[in-house]
Amino acid sequence: MKVAESIAEFRKLRADLAEPVGFVPTMGYLHVGHLSLVREARERSASVVASIFVNPSQFAPTEDLAAYPRDLDRDLALLEAEGADLVFVPEAEEMYPDGYDTWIAVEELTTRLEGASRPTHFRGVATVVGKLFVIVEPQIAVFGQKDAQQALVIDRLIRDLGFAIELVVAPTIRESDGLAMSSRNTYLEPDERVGATVLRQSLLLAERLYADGERSAKMIRSRMQELIASEPLVEPVYVSLADVTTLEELETIDRKALVSLAAKVGVTRLIDNIVLPPGEGLL
Ligand code: PAF
């Protein structure tokens, strides 16, 4: 496995890779969820590229970029064990050189859900992912369904800018009690960690209600909210049942829908989602 820190060095090494190239962008501090994305890329591609870059532009000034967990040596060992061929690990100055002034904004889609409380977040994500696509030139890119809105934003970006990239959305990997894997789970206190499982339970409740024939989005949202409210350590930010393409809230579930939520558990913000009908992919 080769590692490149600069764009120039990366391009030299990239030229030797067998095609097609599958790409997994990450912010590091890898867990089994990330590794499942690498595995997915491995299965679909002749070569696998990963990037590790804690992207400053997707953090708001109020969010603690410096505190984001990092462990580069461990990450590289995990990627090597998973069969990655080339890893791009730029510093912020390499990605955002002095005077940087070029941004990618996916507009409408990013006003909702995560975008409503993190208004600059997706501009940062779209910009860095767009730039990584230009540098890495992958044929396949793998993102996790856990960040469903992010995957939809990247889908929009690929279509709108005409990247010749197949977007693969891999299923959410969960802890044994159902909590979606996230680097942020490490911030949770033991009692918060237990309380956080109510988030998955509320998604399963939505799935059960849907299976029983309930099609009122309002009814399902309010039953989920009730369940989440029963857990005092969890403070919901939103509970949404939306059209999976536009993310507009639904009244009736008469098409494929994204059931998603965000909640604060102590100081930690967690997200999770499912697609209805069960078994349908996000895209
Ligand atoms: O999902 C993430 O880890 C990040 O948002 C990404 C896609 C690597 C862009 O910085």
Side-chain angles (χ1 to χ4, degrees), residues 7 10 22-38 40-41 48-60 63-72 74-76 78-79 82 84 86-92 94-96 100 102-106 109-110 113-115 117-136 138 140-158 161 163 165 167-173 180-187 260 262 268-273 282-283:
I7 297 173
F10 179 87
F23 176 46
V24 181
T26 82
M27 297 212 299
Y29 213 67
L30 305 180
H31 51 67
V32 300
H34 294 109
L35 300 179
S36 76
L37 306 184
V38 177
E40 194 80 42
V48 174
V49 171
S51 61
I52 299 174
F53 179 59
V54 182
N55 173 34
S57 72
Q58 68 189 75
F59 289 76
E63 297 169 346
D64 200 352
L65 169 67
Y68 196 84
R70 291 163 168 88
D71 193 342
L72 184 60
R74 181 176 165 274
D75 288 347
L76 292 176
L78 289 169
L79 288 171
E82 215 50 73
L86 176 56
V87 187
F88 184 43
V89 291
E91 293 291 340
E94 185 71 5
M95 293 299 278
Y96 298 103
Y100 190 89
T102 303
W103 300 96
I104 302 175
V106 175
L109 198 55
T110 64
L113 306 182
E114 288 299 287
S117 40
R118 307 178 72 193
T120 57
H121 173 69
F122 286 115
R123 184 177 92 136
V125 171
T127 300
V128 83
V129 171
K131 180 156 181 172
L132 287 167
F133 282 172
V134 169
I135 297 165
V136 175
I140 295 154
V142 187
F143 286 75
Q145 190 188 313
K146 171 135 167 292
D147 295 298
Q149 188 175 12
Q150 169 170 279
L152 294 170
V153 166
I154 301 306
D155 181 49
R156 196 65 264 164
L157 176 147
I158 287 174
L161 298 186
F163 282 107
I165 297 175
L167 175 61
V168 174
V169 180
T172 303
I173 304 294
M181 293 256 179
S182 165
S183 309
R184 292 169 184 230
N185 294 352
T186 56
Y187 300 148
S260 64
T268 310
R269 193 174 188 286
L270 298 178
I271 58 173
D272 202 350
N273 69 81
L282 184 70
L283 299 179

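When a ligand or atom number is given, it counts from 1 through the structure's own listing order. In what follows, every heavy atom counts, from backbone to side chain, and hydrogens, waters and symmetry copies are set aside.
At least one side-chain heavy atom of F23 sits less than 4.5 Å from a side-chain heavy atom of S51. Side-chain contact between L157 and I104 is present, with at least one heavy-atom pair separated by less than 4.5 Å. A 4.5 Å side-chain heavy-atom check between L132 and M95 finds at least one atom pair inside the cut-off.
The aromatic rings of Y68 and F59 lie perpendicular to each other, with more than 60° between the two planes, well past the 30° mark.
Protein heavy atom nearest atom 10 (O) of ligand 1, with residue, atom name and distance: Q58 OE1, 2.6 Å. The protein non-hydrogen atom at the shortest distance from atom 3 (O) of ligand 1 is M27 CG, 3.5 Å. When only non-hydrogen protein atoms are considered, atom 2 (C) of ligand 1 lies nearest to Q150 NE2, 3.8 Å.
Close approach to F143 involves these atoms of ligand 1, each under 4.0 Å from a residue heavy atom: 7 (C). Listed by number with element, the atoms of ligand 1 under 4.0 Å from a non-hydrogen atom of V128 are 9 (C), 10 (O). If you number the atoms of ligand 1 from 1 as listed, the ones under 4.0 Å from a heavy atom of T26 come out as 8 (C).
A salt bridge between R269 and E114 is present, with a side-chain N of the basic residue lying under 4.0 Å from a carboxylate O of the acidic one.
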